[in-house]
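Written below as structure tokens is the structure these notes are about.
The figures that follow rest on heavy atoms only: side chains count, while hydrogens, waters and symmetry mates do not. Small disclaimer: the values here were computed from a predicted structure and weren't measured.
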Amino acid sequence: MASSSGPSQSAMPPPSRRGGRSALYAVIAVLVVVVLVLAVLYVTKPTAPSKTTTSSVAVVNMPVYSAVYPGVLNLSKEFMNANPGIKVTLTSYSYDDLQTQEFDAIATHSSQWSVFMWDCIWAGTMATATYRWNVLEADYPSVWAQYSHVDSPNNTFPLQQEAYDTTPSGQTFGLVWNANVQTLFYNASLFSNATIQNEFKTMFGFPLPNPVDGMNLTVFQDVANFFTKSYNSNSPTQYGVALMNRGHDIFYEFLNFFAPFRMSPQGIAEYGQPPYSYFTYFGSVNGTVVPAVNGTIGVQALEYYGNISKDAPAPVTTGYGEAQSYFTSGTTAMLLGWGLQGIPIISQIGMKNFGIAPVPGGWPDDGVWSIGVNQYAANPEAAWKWVLFLTSPSSEEYLWNTTSSVPGNVTAANSLVSAYPWLQIVLNSLEGHGTGIYGAAHRPTIPQLLQLEYGMTEYFDEYLTGTISAQTAISDLVVSWDTALAG
């Protein structure tokens, strides 16, 4: 029966060849459209975050003072082998270039450097740009747990840690890494020579001192005179003592001679205890911080500095390296230098001729290097782990053996004394007089430090070369320092 909806299948005409091809094309077209639609849907469909088997590496960048770069480079390889997720990149700089790099980064809040290392006199600036220790401890407890038993602010030399790596409010922002201090090196063979001892006693009326027992400034002047040919034609050396008194060096060398005046009863009566952050060069009068070099004690100290400089070769033009060379070559009988110079000096003159003693006057200038984490570091956890590794006892002992850097870590420093007994003089000097922060002489850590240095270099150069008097040099210096503090 015919369907009312149309012809039956049997009634439909057979498809022609042309009609079949059209149908096939239609099917293909539909399939193409479907594929395109699916492709669009696949591309636009939200996807879950891709999973990758490649682990990220935390990069830690650090500028390094060239004197310790080789040792730090080797330590970085050891550190990266133990911590494959951290890559440490080091760049070596001279002293001046290191300061420029770090100060520029601080001024621009740059994350270029993950870790800073600094001379103590830069501490005031570094305090504005580094992580506080308590923050790092709280944020990364697993890192702290790994190192806290051997490496902490409590295991560094306390006077230097408080002076150079702690804010006035008591917050730690770095660790003492190299605990240096001024000491007196002397030619032991000369001081033990019986003929020389007799000549000295004949000339001065008292025995030639054993420098290890300490000398006051008056006796030190006598000894320096004795070993200077212009004073004593029979002197075995041309000059008595080598001093570092060129440019920046004057700022720390003079402090050795000023501090005994500053910390004397007269100095304390006039200026009180040194104010925190300003330290030995400053005092307080009626609650106001003022330069303590002003007045009688400053002039007396500078005149002494001028007199002792007459017993030294090339005043104003002798720096760190030249002073050491004058001593090791036999030009001078003594050297007022840094404790870390002991190893290279021994290598040049031998233990028979080597002697080391406390700084005359008993108030040595300390000069530590410290290390901390840039508060803008991209990877602070990795940076802090690297800092803690560098300041651990084993790392600091390695740096002593490779660069003669005196460890800031007390455990590491004490462990070296049995092999290097003379190092005890350095460690004792770092401990000061046992009266807390005021038991040692410290340079200022205020941000105006560089301006203070420039002023002293300018006016003391003029005094040491005979251009102006001590009184004029001190007066001009005080004016320049007051200007710097006023901002």
Side-chain angles (χ1 to χ4, degrees), residues 57-77 79-80 86-133 136 164-165 167 172-178 180 246-249 251-252 319-321 338 340 367-391 395-396 399 402-403 405 408 443-454 457 484:
V57 175
V59 177
V60 174
N61 295 317
M62 178 181 175
V64 181
Y65 181 30
S66 57
V68 297
Y69 177 79
V72 177
L73 179 62
N74 288 335
L75 286 173
S76 72
K77 296 174 183 178
F79 177 79
M80 287 187 287
I86 302 175
K87 179 181 179 181
V88 176
T89 302
L90 308 175
T91 307
S92 177
Y93 290 104
S94 67
Y95 180 93
D96 290 337
D97 288 343
L98 177 67
Q99 183 185 44
T100 299
Q101 283 289 326
E102 296 190 335
F103 278 38
D104 285 351
I106 290 170
T108 58
H109 297 175
S110 172
S111 62
Q112 175 186 4
W113 304 117
S114 313
V115 172
F116 293 131
M117 64 174 293
W118 60 87
D119 190 348
C120 62
I121 58 176
W122 309 346
T125 299
M126 291 300 169
T128 68
T130 45
Y131 267 96
R132 298 300 182 254
W133 214 253
L136 292 167
Y164 299 121
D165 295 308
T167 67
T172 298
F173 60 89
L175 275 187
V176 173
W177 189 21
N178 167 225
N180 211 356
R246 180 182 64 203
H248 153 84
D249 302 316
F251 197 73
Y252 61 73
Y320 181 102
W338 293 103
L340 63 76
V368 305
W369 281 83
S370 300
I371 187 171
V373 179
N374 180 4
Q375 66 179 344
Y376 297 102
N379 298 296
E381 181 176 10
W384 192 40
K385 193 170 188 177
W386 168 237
V387 166
L388 291 172
F389 173 82
L390 279 180
T391 52
S395 295
E396 295 211 25
L399 287 176
T402 55
T403 65
S405 295
R443 283 167 283 167
T445 59
I446 58 177
Q448 299 95 328
L449 184 279
L450 294 181
Q451 296 166 268
L452 306 183
E453 276 194 354
Y454 295 149
T457 299

Discussion item. Between F389 and W384, is the ring-ring contact (aromatic ring centres under 6.0 Å, His included) condition met? List the steps.
Written reply: CA-CA 9 Å; F389 173 82; W384 192 40; over 10 Å; no

[X] side chain to [Y] main-chain N or O, any donor-acceptor pair under 3.5 Å?
X	Y	answer
T100	D96	yes
T457	G247	yes
T403	L399	yes
N178	G367	no

Residues forming a side chain to side chain donor-acceptor pair (under 3.5 Å) with [X], sequence neighbours excluded:
X	result
T130	none
T167	S169
D119	Y95
Q375	none

Fill in: From CH2 (W118) to OH (Y164), nearest 0.5 Å
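So the CH2 of W118 and the OH of Y164 are separated by 14.0 Å.
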
Discussion item. Using 0.5 Å steps for rounding, measure from the OH atom of Y252 to the OH atom of Y320.
Written reply: 8.0 Å

Which residues pass the side chain to side chain contact (heavy atoms under 4.5 Å, CB included) test with [X], not counting sequence neighbours?
X	value
T89	V59, N61, K87
T172	W133, P153, Q161, T166
Y69	V64, L73, L90, S92
Q101	Y93, Q112, W113

Worksheet item: Would you say the side chains of S370 and D165 form a donor-acceptor pair under 3.5 Å?
Response: yes

Listing, residues 446-453 side-chain donor-acceptor contacts under 3.5 Å, not counting sequence neighbours, or none:
| from | atom 1 | to | atom 2 | distance (Å) |
| --- | --- | --- | --- | --- |
| E453 | OE1 | H248 | ND1 | 3.3 |
| E453 | OE2 | H248 | ND1 | 2.8 |

Side-chain contact, heavy-atom cut-off 4.5 Å: [X] with [Y]?
X	Y	result
P444	F251	yes
F116	W122	no
L75	L390	yes
N374	E102	no
N74	T402	no

Item to complete: Under the ring-ring contact (aromatic ring centres under 6.0 Å, His included) rule, collect the residues that match up with W177, sequence neighbours excluded.
Response: none

Discussion item. Test of understanding: with ring-ring contact (aromatic ring centres under 6.0 Å, His included), list the residues that count as partners of Y376, not counting sequence neighbours.
Written reply: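 Once residues adjacent in sequence are excluded, the partners of Y376 under the ring-ring contact (aromatic ring centres under 6.0 Å, His included) criterion are H109.
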
Worksheet item: Is the number of heavy atoms from other residues, nucleotides or ligands under 6.0 Å of Y454 OH greater than 12?
Response: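 12 or below, so no.
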
Worksheet entry | Any residue meeting salt bridge (charged side-chain N to carboxylate O under 4.0 Å, His left out) with R246, in chain and number order, not counting sequence neighbours | E322

